[in-house]
4 protein chains.
Amino acid sequence: MGTPDPVRRSERARTAVLESTIDLCRADGFARMTIEGIAERAGVSKKTIYRWWSSKGEVLLEALAGRAEIAAAFPDSGDLVRDMCAQTMSVVELLSPQETSPYASLVAEGQRDPALSAAIRTRLVDPFIARFDERMHSAVAARELPASVDLGVAVDLFYGPIYHRLVFGLGLPDGPQLETRVRHVVAALRSGGVPRPPAG
Amino acid sequence: MGTPDPVRRSERARTAVLESTIDLCRADGFARMTIEGIAERAGVSKKTIYRWWSSKGEVLLEALAGRAEIAAAFPDSGDLVRDMCAQTMSVVELLSPQETSPYASLVAEGQRDPALSAAIRTRLVDPFIARFDERMHSAVAARELPASVDLGVAVDLFYGPIYHRLVFGLGLPDGPQLETRVRHVVAALRSGGVPRPPAG
Amino acid sequence: MGTPDPVRRSERARTAVLESTIDLCRADGFARMTIEGIAERAGVSKKTIYRWWSSKGEVLLEALAGRAEIAAAFPDSGDLVRDMCAQTMSVVELLSPQETSPYASLVAEGQRDPALSAAIRTRLVDPFIARFDERMHSAVAARELPASVDLGVAVDLFYGPIYHRLVFGLGLPDGPQLETRVRHVVAALRSGGVPRPPAG
Amino acid sequence: MGTPDPVRRSERARTAVLESTIDLCRADGFARMTIEGIAERAGVSKKTIYRWWSSKGEVLLEALAGRAEIAAAFPDSGDLVRDMCAQTMSVVELLSPQETSPYASLVAEGQRDPALSAAIRTRLVDPFIARFDERMHSAVAARELPASVDLGVAVDLFYGPIYHRLVFGLGLPDGPQLETRVRHVVAALRSGGVPRPPAG
DNA sequence: GTCTAAACGAGACGGTACGTCTAGTCTTTCT
DNA sequence: AGAAAGACTAGACGTACCGTCTCGTTTAGAC
């Protein structure tokens, strides 16, 4: 009784909801978008939305999860700097313009909703990091990075600058800025960092 | 007529509002906190809040702006790595626990409110960066960093890892993780990054 | 969309609102009664009240319209003076005590709200006058009044004294006062009034 | 301390308040008029209004009390019917148009405020009735009315029709309607009413 | 002609209720 | 049984006035 049966679910309703959500998010911004508005635009009852999703954040996540392939593409030309510039640039494009990007909105909403945040990790972040790690392994194999590279450090340094600027409204980095940062990060990963002083 | 007169403002009411805001934000989280709730706890009328602030985000900003000195302190012991570890650690502590930190909430709210975001930059971020730049200049003077260091790159690389993990709910970095990242960043800034291939 | 569907209306909510309105009007007086108070007492959301009524006056009107039968009863014993004394007395009772009578409050509220005033006419006054006219026709048939009687004059003279005293806070007329006035009015209607001087 | 000193009262402020009240009452209607609005229009502080009056009804009463002479004028040409037609007509004019007449508004407000109602009686109604009684005594002296005439009945019957129509939004009576009613009332007062059946 | 106490303008304050909005639940009817 | 429609409870929103309360600033009577 309590749990709906996915087999009988209306694909028409599901699709209409997801598309309306993307449209409204772009038009009004996530904060001004309402579940009532989605239901009305999708020609769907509110109940149907509440039956299948627990919040408007989850709806948006599902709407975006199907499309996020672009940013998760990691080119592998054999030139790590060039590839990471391209990859980070595609992430920046996904987040632009900051005001109306559904991805940026989703990330922001994750800050206020722990459940959504966890879902984002599972559906978007973890797969992304898995592909990132693959590319790093490829770079190690190509001797562009040392085998000892710390992938946790790597992902934080490559993407950190983008989110640092995102959260403080400093303006997303443009191409040259991104390239400078990528070059610094690659250098850092190759050097292994400033050595710790000998213990004792 | 339309604009209230700051001279006649009640300091009692102002203080009560700011304190209630911090308390409620910690207790319920920013999203569940309401202006009605702040007014009631502060023993203040809603009108008084609306008279002086335009949103609950602005209230929280003002409440925090007076206290943010801690994170904006940049120790200068002569050892850049050690100082930046300490400094970034204090930032992480300010943002912990992620769920109930008023600072983390404020940053998150800035993502949905451009006006608030701009105010945060002016009141918190810009002064912070100014002090950061000072410390970097000191490091240059002490020959810990090259004179050619790009301070925009530096701030993004030092703080980016923290916000990268914050926005994706990856857990804020702990001490050892922070140290590893700081060491990489310092190395990167010293190296000046992987050189660009000669043009043409 | 904008207009609610009466078929789906909750009878429970409607009844609870009307009863709470009467109770509160008697307890606090109409002026001190609030829509919030009605909603709370009725266990109903404010939205539900605003959906179906446009003002607290309209709510009270609907609450009273169902019960106003008493005052609209016109006994017909064959003795016009006796019957009109009884009838006007029942009107006075409906308006007593002046302070807390919902009917008196409704009439007063009609003075400040033209829309309500019109609704009162349609729902209460016009049906009342129709029954009054019937009784007058019966009196004409019984030769208690001349066929030439002006019913507009009649209704004004029978009920005017009550409202004259009501609006000026002169105290509603008691039984003997009412009887004296009714006797004068009947005499006036029988006489046809002081004759006009011949024109020219 | 608590009671203000009438000697030092500012006549300028008093006059400005009374005039603004009349103006706003005509423009917006009594119900929509606010003390804040009066204060602003009069260039007076709210405190000044609250110092000298206890409600906006009292303000309006004082504003009108100075001007009500017209309606309280009772012509005495020796022709009672003609004089009372003129007099009641001037009352009707004072109450027209029903929507925006400050007098009608004041009467309506008296329905919701017993203190105001009492003040209206003292300042307006009682003096009016005193003059009415004078005119009736004159009519008795001129043998237009019997010496046994009941003045309470008389005032109710002359003015009742006006207020009956006022409170029910039936439209104030026009000249011919008034005349018809006056003629009936005079006839009723002359006849002394339908006689009571002999007791026992 | 000062002095001084009170009335004044201005408007911030704690409140209350307004009428609107959206959330999330529940009910009815149709498919 | 799922879905469309939409009424329902709940409660926050931002606004409008209320009546009270400082603040300086006139201002008018007493000295």
Side-chain angles (χ1 to χ4, degrees), chain A residues 1 4-10 12-14 16 32-37 39-40 42-52 54-56, chain B residues 1-10 12-14 16 32-40 42-52 54-56, chain C residues 1 3-10 12-14 32-37 39-40 42-52 54-56, chain D residues 1 3-10 12-14 32-40 42-52 54-56:
Chain A
M1 172 192 62
D5 178 356
V7 172
R8 313 197 51 172
R9 182 170 187 181
S10 157
R12 184 190 65 66
R14 182 179 159 277
R32 270 183 297 282
M33 178 175 73
T34 66
I35 292 200
E36 299 219 336
E40 185 176 351
V44 141
S45 105
K46 283 202 293 174
K47 178 81 179 212
T48 299
I49 297 181
Y50 284 111
R51 178 153 34 225
W52 300 109
S54 59
S55 67
K56 64 178 179 172
Chain B
M1 174 192 59
T3 37
D5 177 356
V7 172
R8 315 194 49 179
R9 183 167 187 183
S10 158
R12 184 191 62 66
R14 183 181 157 276
R32 268 183 298 281
M33 177 175 74
T34 66
I35 291 197
E36 297 220 334
I38 296 170
E40 186 176 352
V44 140
S45 96
K46 284 202 291 176
K47 179 74 184 233
T48 297
I49 298 182
Y50 285 111
R51 182 161 23 232
W52 300 110
S54 59
S55 66
K56 63 178 178 170
Chain C
M1 175 191 58
T3 38
D5 177 357
V7 171
R8 314 196 53 178
R9 183 168 187 183
S10 158
R12 180 191 63 67
R14 182 180 159 276
R32 268 182 299 281
M33 177 175 73
T34 66
I35 291 198
E36 298 219 335
E40 184 176 355
V44 140
S45 96
K46 284 200 293 175
K47 178 77 180 229
T48 297
I49 298 181
Y50 285 111
R51 177 153 35 226
W52 300 110
S54 59
S55 67
K56 63 178 180 172
Chain D
M1 174 193 63
T3 37
D5 177 357
V7 172
R8 313 198 50 169
R9 183 168 187 182
S10 158
R12 184 193 63 68
R14 183 180 159 276
R32 269 182 298 281
M33 177 175 73
T34 67
I35 291 198
E36 298 218 335
I38 296 170
E40 185 177 351
V44 142
S45 107
K46 284 202 292 174
K47 180 86 181 214
T48 298
I49 298 181
Y50 285 110
R51 178 155 32 226
W52 300 110
S54 60
S55 67
K56 63 176 179 172

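A, B, ... follow the sequence lines: proteins, then strands. Residue 1 opens every chain. None of these values were measured; they are calculated from a predicted model.
- If you measure from atom CD of Glu40(C) to atom P of dG11(F), you get 10 Å, rounded to the nearest angstrom.
- Checking the phosphate oxygens (OP1, OP2) of dA3(F), a side-chain nitrogen or oxygen of Trp52(A) falls inside 4.0 Å.
- Residue contacts shown for Arg12(B) are limited to sugar-phosphate atoms, with no base heavy atom under 4.0 Å away.
- Remark: the backbone N or O of Ile35(B) is not paired with any side-chain donor or acceptor of Lys46(B) at under 3.5 angstrom.
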Arg9(B) vs Trp52(B), test: side-chain contact (heavy atoms from CB on, under 4.5 Å). Steps then yes/no.
CA-CA 9 Å; Arg9(B) 183 167 187 183; Trp52(B) 300 110; 3.4 Å; yes
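- Between the NZ atom of Lys46(D) and the P atom of dA16(F) there is a distance of 13 Å, given to the nearest Å.
- Within the structure, every side-chain polar atom (N or O) of Arg8(B) is placed at least 4.0 Å from both OP1 and OP2 of dA10(E).
- A 4.5 Å side-chain heavy-atom check between Arg51(B) and Lys47(B) finds at least one atom pair inside the cut-off.
- Within 4.0 Å (heavy atoms only), Gly43(B) reaches sugar-phosphate atoms of the nucleic acid but no base atom.
- Counting any heavy atom pair closer than 4.0 Å across all strands shown, Val7(C) reaches no nucleic acid atom.
- Proximity of Thr48(C) to the phosphate of dT9(F): a side-chain N or O atom is located under 4.0 Å from OP1 or OP2.
- Of all nucleotides listed (dC21(E), dA12(E), dC13(F)), dC21(E) comes nearest to the side chain of Lys47(C).
- If you measure from atom CD1 of Ile35(A) to atom P of dC21(E), you get 18 Å, rounded to the nearest angstrom.
- For dA3(F), the OP1/OP2 oxygens have a side-chain nitrogen or oxygen of Arg51(A) closer than 4.0 Å.
- Across dT22(E), dG14(E), dT9(F), the shortest atom-to-atom separation from the side chain of Thr34(A) is found for dT22(E).
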